[in-house]
Undergrad: 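Please find one structure pasted underneath; my questions will follow.
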Amino acid sequence: MNIAIGTTNKAKTEAVEVIARKYFDKPIFTCVKAASQVSDQPMTHEETRLGAINRSKNAIDETGAQLSFGLEGGVTEIDGVMYVCNWGALTVSNGTTYTASGAQIILPEEIAQEIRAEKELGPVMEQYTQRRDIRQGAGAVGIFTQGLVSRQMMFEHIVSLLIGQYLFSLTHE
Ligand SMILES: O=P(O)(O)OP(=O)(O)OP(=O)(O)OC[C@H]1O[C@@H](n2cnc3c(O)ncnc32)[C@H](O)[C@@H]1O
Ligand SMILES: [Mg+2]
């Protein structure tokens, strides 16, 4: 099974590979920097979800794979409180696209103010933690849960939700 992943971010590619290996026979993964066609810092659920969908569609177009995954992180606000949010999309070569959202967690106000000032969460997290490449490791979710839930773990859950929908469709068409 040829599987495309619309990113080279390790937290995302590892999440897809760990979960997909459980459900597909000898999967072959191709990672491509698929365009999200949304801003580098998605600011709503709608924008984050669209970024995931676009990545999955662009990745399958670029690779000709049988399945492709798009995973996108963003932020959203409720009553003036900012959350990091996460969305995933799985596109099948027949054109069907499944979507699912993942964990959301509150961002400290000092982080939120930086994002409202149009900075990207990735670099803001590096500044806040004085650690490099948080985005490919613990992630904001990992930092603010004291390591209990890493960004990869969070994306593994989304990938399971996507593959589950695909497997359900195979038995209920
Ligand atoms: O290479 P890609 O796939 O683009 O990976 P990315 O880390 O840039 O991730 P996204 O584009 O999906 O996320 C949009 C922005 O939000 C940041 N972001 C989202 N969730 C994050 C998290 O948990 N920790 C750190 N940065 C995060 C990310 O670094 C980007 O600056
Ligand atoms: Mg990005």
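Values below: every heavy atom of this structure, side chains too, minus hydrogens, waters and symmetry copies. Counting starts at 1 for both ligands and their atoms, following the listed order.
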Undergrad: Are any of the N/O atoms on Asn86, whether in the backbone or the side chain, positioned under 3.5 angstrom from an N/O atom of ligand 1?
TA: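 By distance alone, the answer is no.
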Undergrad: Answer yes when Arg132 and Glu126 have at least one side-chain N-carboxylate O distance shorter than 4.0 Å, and no when they do not.
TA: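 Yes.
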Undergrad: Just wondering, are more than 12 heavy atoms of other shown residues or ligands nearer than 6.0 Å to CG in Asp79?
TA: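 No - once you tally the heavy atoms of other residues, nucleotides and ligands closer than 6.0 Å, there are 12 at most.
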Undergrad: For atom 10 (P) of ligand 1, which of the options Lys12, Glu126, Arg135, Met125 provides the nearest non-hydrogen atom?
TA: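 Nearest option to atom 10 (P) of ligand 1, by heavy atoms: Lys12.
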Undergrad: Honestly curious: do Ile158 and Ile163 fall in one hydrophobic cluster under the side-chain, below-4.5 Å linking rule?
TA: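 Shared cluster, yes.
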Undergrad: Could you list which atoms of ligand 1 come closer than 4.0 Å to a heavy atom of Val141?
TA: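 Answer, ordered by atom number: 23 (O).
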Undergrad: Just need the protein heavy atom nearest to atom 30 (C) of ligand 1, so name the residue and atom and give the distance.
TA: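 Its nearest protein heavy-atom neighbour is Glu120 OE1, 3.1 Å.
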Undergrad: Could you identify the single nearest non-hydrogen protein atom to atom 13 (O) of ligand 1 and state the distance to 0.1 Å?
TA: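 The closest one turns out to be Gly73 O, 3.3 Å.
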Undergrad: For Glu109, is there an ion pair with Arg116 - N to carboxylate O distance below 4.0 angstrom?
TA: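 The answer is yes: the pair qualifies as a salt bridge.
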Undergrad: For atom 27 (C) of ligand 1, what's the nearest protein heavy-atom neighbour? Residue, atom name and distance, please.
TA: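 The protein heavy atom lying closest is Leu121 CD2, 3.7 Å.
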Undergrad: Do the ring centers of Phe69 and Phe155 come within less than 6.0 Å of each other?
TA: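 No.
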Undergrad: Identify the closest protein heavy atom to atom 3 (O) of ligand 1: which residue and atom is it, and at what distance?
TA: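 Answer, as residue, atom name and distance: Thr7 OG1, 2.6 Å.
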Undergrad: Please could you name the atoms of ligand 1 that Asp40 approaches to less than 4.0 Å, counting only its heavy atoms?
TA: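 Taking each heavy atom of Asp40 in turn, ligand 1 has 14 (C), 15 (C), 30 (C) under 4.0 Å.
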Undergrad: May I ask which of Met154, Arg55, Lys10, Gln41 has a heavy atom nearer to atom 11 (O) of ligand 1 than the others do?
TA: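 Closest candidate by heavy-atom distance is Arg55.
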Undergrad: Name the closest protein heavy atom to atom 24 (N) of ligand 1, giving the residue it belongs to and the distance to 0.1 Å.
TA: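 For this ligand atom, the closest protein heavy atom is Ala140 N, 2.7 Å.
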Undergrad: Mind checking whether Val75 contacts ligand 1 via backbone (N, CA, C, O), side chain (CB onward), both or neither, at a 4.0 Å heavy-atom cut-off?
TA: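 Neither; nothing of Val75 gets under 4.0 Å from ligand 1.
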Undergrad: Anything under 30° is parallel, anything over 60° is perpendicular, the rest tilted; go ahead and classify His45 against Trp87.
TA: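 Judged by the thresholds at 30° and 60°, the geometry between His45 and Trp87 is perpendicular.
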Undergrad: Is it true that a side-chain atom of Gln136 and a backbone atom of Lys10 form a donor plus acceptor pair closer than 3.5 Å?
TA: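 Yes; at least one donor-acceptor contact below 3.5 Å.
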Undergrad: For Ser56, run the side chain to side chain donor-acceptor pair (under 3.5 Å) check against Asp61, Thr91, Thr99, Thr97 and tell me which one passes.
TA: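 So the option named by the test is Thr91.
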Undergrad: Mind checking whether Arg151 contacts ligand 1 via backbone (N, CA, C, O), side chain (CB onward), both or neither, at a 4.0 Å heavy-atom cut-off?
TA: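 It is the side chain that gets close, since no backbone atom is under 4.0 Å.
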Undergrad: I need the nearest protein heavy-atom contact for atom 28 (C) of ligand 1: residue, atom name and distance, please.
TA: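 The closest heavy atom on the protein side is Gly122 N, 3.9 Å.
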Undergrad: Between Phe29 and Thr13, is any pair of side-chain heavy atoms under 4.5 Å apart?
TA: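 Not touching, per the 4.5 Å side-chain cut-off.
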